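These numbers were taken from a predicted model, which means no experiment stands behind them. Below, chains carry the letters A, B, ... as their sequence lines are ordered, and counting in each starts from 1.
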Amino acid sequence: MTTPLKIASWNVNSLRVRLPHVLRWMEAAQPDILMIQEVKGESFPESEFLAAGYKAACVLQRSWNGVAILAREKPSVILDALPGDSQDTQARYLEADIAGIRCINLYLPNGNPVESEKYPYKLAWMARLRARLAALRAQAVPFLVGGDFNVIPEDIDCYDPEAWGEDALFRMDTRRAWRSIVNLGLSDAFRLFHAQGGHYTFWDYQGRAFEAGHGIRIDHFLLSPALADRALSCDIDGEPRRWDQPSDHTPIVLSLSREEL
DNA sequence: ATGCCTTGGTACCCAAGA
């Protein structure tokens, strides 16, 4: 029995600020692949990651957004933007082949406030994502999608569903769009192993939300059927949220069998 | 009650996040 393939996702909320946390976590957790979101900025500490034993692929943007994939082997980039809107220049999508797996790292738009142009952008982005994943399904490409989806899938995924009622992360149009993606035949990896609520990946900085347990589950892995068959575990590592000057998100970790079924 | 945090960019406040 070989060791599983360990794949993680973490919204770091500024890599410049969080690099020590990221390196510390990688050293302890030893992921084979780490997807990060909200790099924030156009510089990327490639040499620091190389020294830690990881090669990088990234798509960056001044000030906001930015996603990167770190892996033991150099990611082979397939797409550095989500197809479907040539006017969209936001750095939110990176698709690469690693270890024979199509790995998609995304930072899905927040969408608040819902009466602004940001919400239709979010829904359009989700429709484009669905189209891309439908194409991969049609081609029978085994893939996983990890990242900050900015979607609370169900009531049990947030501390206070009524408080989140019409928020862009939770309102019915958002959850409907999420379901239309899952219904391509994908599995929410965390829900393959955990049925109960109260497991969160994000806690607001304000109001001592983490200490109070007021969180939401918005960072996810979605797996195509062949990879769902290989899933061994999926867990949230809450530890980095306790560190000094933390990201408001914490890592989600997926383990896959290396064996093809 | 979009704020009582945090970040980046610009300039000493504002946008954006979720």
Side-chain angles (χ1 to χ4, degrees), chain A residues 9-22 25 35-45 58-68 88-93 105-126 129 146-178 188 190 197-220 236 238 240-252:
Chain A
S9 173
W10 191 5
N11 179 323
V12 300
N13 186 18
S14 170
L15 185 57
R16 184 182 70 82
V17 174
R18 223 69 62 199
L19 181 61
H21 281 201
V22 175
W25 187 81
M35 302 176 168
I36 59 176
Q37 303 86 35
E38 285 209 85
V39 172
K40 288 187 173 177
E42 290 172 311
S43 70
F44 191 82
C58 57
V59 51
L60 305 175
Q61 177 182 341
R62 174 183 160 92
S63 308
W64 315 117
N65 307 321
V67 293
D88 184 1
T89 57
Q90 298 190 30
R92 295 181 175 276
Y93 185 92
N105 179 15
L106 60 77
Y107 175 44
L108 205 146
N110 175 302
N112 280 307
V114 295
E115 63 276 10
S116 74
E117 73 288 351
K118 293 179 181 182
Y119 191 63
Y121 172 68
K122 176 178 192 155
L123 290 182
W125 207 96
M126 294 180 82
L129 177 64
D148 177 358
F149 283 72
N150 273 317
V151 174
I152 302 166
E154 298 186 70
D155 284 4
I156 59 171
D157 297 311
C158 61
Y159 172 72
D160 183 357
E162 291 189 12
W164 287 93
E166 280 303 310
D167 190 278
L169 279 63
F170 190 60
R171 67 203 308 265
M172 192 54 69
D173 282 349
T174 303
R175 281 184 277 164
R176 186 177 291 119
W178 163 266
D188 176 345
F190 187 80
H199 294 286
Y200 308 129
T201 64
F202 168 91
W203 300 261
D204 200 284
Y205 286 125
Q206 302 186 64
R208 301 182 62 79
F210 182 68
E211 291 80 354
H214 296 179
I216 51 179
R217 190 175 73 92
I218 57 174
D219 299 86
H220 308 295
I236 297 161
R241 190 62 178 77
R242 299 185 181 89
W243 296 348
D244 287 339
Q245 206 178 1
S247 169
D248 38 9
H249 296 248
T250 209
I252 176 171

Interatomic distance, [X] [atom1] vs [N] [atom2] [rounded to whole Å]:
X       : N      : atom1 : atom2 : answer
Q61(A)  : dG8(B) : CD    : P     : 14 Å
L19(A)  : dT7(B) : CG    : P     : 14 Å
F202(A) : dC5(B) : CZ    : P     : 13 Å

If you look at every strand shown and take non-hydrogen atoms under 4.0 Å, does R208(A) touch a base, only sugar-phosphate, or nothing?
nothing
Quick one: do the D167(A) and N112(A) side chains pair a donor with an acceptor below 3.5 Å?
yes
Do Y121(A) and D88(A) meet the criterion of a side-chain donor-acceptor pair at a distance under 3.5 Å?
yes
Using the [atom1] atom as the point on both nucleotides, what is the distance between [M] and [N], in whole Å?
N       : M       : atom1 : value
dT2(B)  : dT7(B)  : P     : 24 Å
dA16(B) : dA11(B) : P     : 16 Å
dT10(B) : dT6(B)  : P     : 23 Å

Verify the ring-centre separation between [Y] and [X]: is it less than 6.0 angstrom?
X       : Y       : result
F190(A) : H199(A) : yes
W164(A) : F170(A) : no
H21(A)  : W10(A)  : no

So does R18(A) get a side-chain nitrogen or oxygen closer than 4.0 Å to the phosphate oxygens (OP1/OP2) of dT7(B)?
yes
Contact under 4.0 Å: R16(A) side-chain N or O vs dT7(B) OP1/OP2
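No, no such contact exists.
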What residues, two or more places apart in sequence or in another chain, satisfy side chain to side chain donor-acceptor pair (under 3.5 Å) together with R242(A)?
E239(A)
Is the closest basic N to carboxylate O distance between R171(A) and E166(A) below 4.0 Å?
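Here R171(A) pairs with E166(A) in a salt bridge, since their nearest N and O are under 4.0 Å apart.
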Is a salt bridge present between R217(A) and D188(A), judged by a nitrogen-to-oxygen distance below 4.0 Å?
yes
Base, backbone or nothing for each nucleotide of nucleotides 10-17 of chain B, written B, S, -, heavy atoms under 4.0 angstrom, 5' to 3'?
S----BSS
Of the residues in residues 163-178 of chain A, which ones touch DNA chain B at a heavy-atom distance under 4.0 Å?
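Under 4.0 Å from DNA chain B: D167(A), L169(A).
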Regarding R241(A) and the six-membered ring of Y200(A), is the cationic atom NZ or CZ under 6.0 Å from the ring centre and inside 45° of its axis?
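Checked: cation-pi criterion not met.
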